[in-house]
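Heads up, the thing below is written out as structure tokens.
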Amino acid sequence: DGGITQSPKYLFRKEGQNVTLSCEQNLNHDAMYWYRQDPGQGLRLIYYSQIVNDFQKGDIAEGYSVSREKKESFPLTVTSAQKNPTAFYLCASRLVPNTGELFFGEGSRLTVL
Amino acid sequence: AQSVTQPDIHITVSEGASLELRCNYSYGATPYLFWYVQSPGQGLQLLLKYFSGDTLVQGIKGFEAEFKRSQSSFNLRKPSVHWSDAAEYFCAVGVTGTASKLTFGTGTRLQVTL
């Protein structure tokens, strides 16, 4: 079945460490997105990519980095520069970059100890 | 920039009762609108979407929503709620041709009592 796979589901990190969250899709979608979700704040856009080898900052990109070397993959690195990284991270994709609905993965919960 | 307001943080309804979740958006042009549902610790699932045409849209799980341009609203409704509908609901707005992102509301948590 087609879909979006995020891994790991749960991740613990010590302060000062970088971590990378994986996002893979087999939907053949052009555009991919990373959102951060905190209680009471809805979803906030971190980064998005409309085509391979291109990506743009979203609303809260500081302390994060991404790459888009393959159409199906869009990993997110949470760097030590991110001051409050504990959150639920959601990856999404959509067929056409500028329109249509988003399809979401199951999310990754990052906890900084 | 577009924005979305979901004024109700938490709603409790009895099983079998009707439901209406409110969503108001702010944008000058005609947006496209979505409702998503999220169970705890899970991703978001699309319930329904509005792009154009008939302002009353039907979705999955018996949900519907009505786009009212004059009120800048896109409220979600269900005539009879089931206990399995307990979840968090998000309204989202986007505009075709712009910077490719959707803006989400802060969500409404639905609790269903038996």
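Labels below follow one simple rule: chain letters A, B, ... track the order of the sequence lines, proteins then strands, and each chain is numbered from 1. Since this is a predicted model, take the numbers as computed values, not measurements.
Counted within 6.0 Å of CD1 on B:Ile9, heavy atoms from surrounding residues, nucleotides or ligands total 12 or fewer; the atom is thus considered open. Residue A:Lys14 places its NZ atom among 12 or fewer non-hydrogen atoms of other residues, nucleotides or ligands, all under 6.0 Å distant.
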- Message: Using side chain to side chain contact (heavy atoms under 4.5 Å, CB included), reason through A:Phe103 and B:Gln45 one step at a time and then give a plain yes or no.
- Response: CA-CA 7 Å; A:Phe103 293 80; B:Gln45 180 185 21; over 6 Å; no
- Walk me through it: do B:Gln38 and A:Leu90 pass the test side chain to side chain contact (heavy atoms under 4.5 Å, CB included)? CA-CA 12 Å; B:Gln38 183 183 36; A:Leu90 287 159; 4.1 Å; yes
- How far apart are the C-alpha atoms of A:Tyr35 and B:Leu102, what are their side-chain angles, what is the distance that settles it, and do they pass the side chain to side chain contact (heavy atoms under 4.5 Å, CB included) test? CA-CA 11 Å; A:Tyr35 284 87; B:Leu102 300 188; 4.1 Å; yes
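A heavy-atom distance below 4.5 Å is found between the side chains of B:Phe90 and A:Gln37.
A:Val112 and A:Tyr64 are assigned to two separate hydrophobic clusters, defined by single-linkage of ILVMFWY side chains at heavy-atom distances under 4.5 Å. Cluster annotation: B:Phe63 is connected to B:Phe74 through the hydrophobic network of ILVMFWY side chains, with a link wherever side-chain heavy atoms come within less than 4.5 Å. Linking ILVMFWY side-chain heavy atoms closer than 4.5 Å, directly or via other members, places A:Phe88 and A:Leu110 in two distinct hydrophobic clusters. Cluster membership check: B:Leu47 shares its hydrophobic cluster with B:Phe67, using side-chain heavy-atom separations under 4.5 Å among Ile, Leu, Val, Met, Phe, Trp and Tyr. Residues A:Tyr47 and A:Leu43 are members of separate hydrophobic clusters, defined by side-chain heavy-atom contacts under 4.5 angstrom among Ile, Leu, Val, Met, Phe, Trp and Tyr.
Taking CZ of A:Phe104 as the start and CD of B:Gln42 as the end, the distance is 13.5 Å to the nearest 0.5 Å. Here the CD atom belonging to A:Glu106 is positioned 10.0 Å from the CG atom belonging to B:Leu44, to the nearest 0.5 angstrom. Going from atom CG of A:Asp38 over to atom OG1 of B:Thr106 covers 12.5 Å, rounded to the nearest 0.5 Å.
In plain terms, the two heavy atoms of B:Leu46 and A:Glu101 that are nearest each other are CD2-CG, 3.7 Å.
The main-chain N or O of A:Leu102 is found under 3.5 Å from a side-chain atom of B:Tyr36 such that the two form a donor-acceptor pair.
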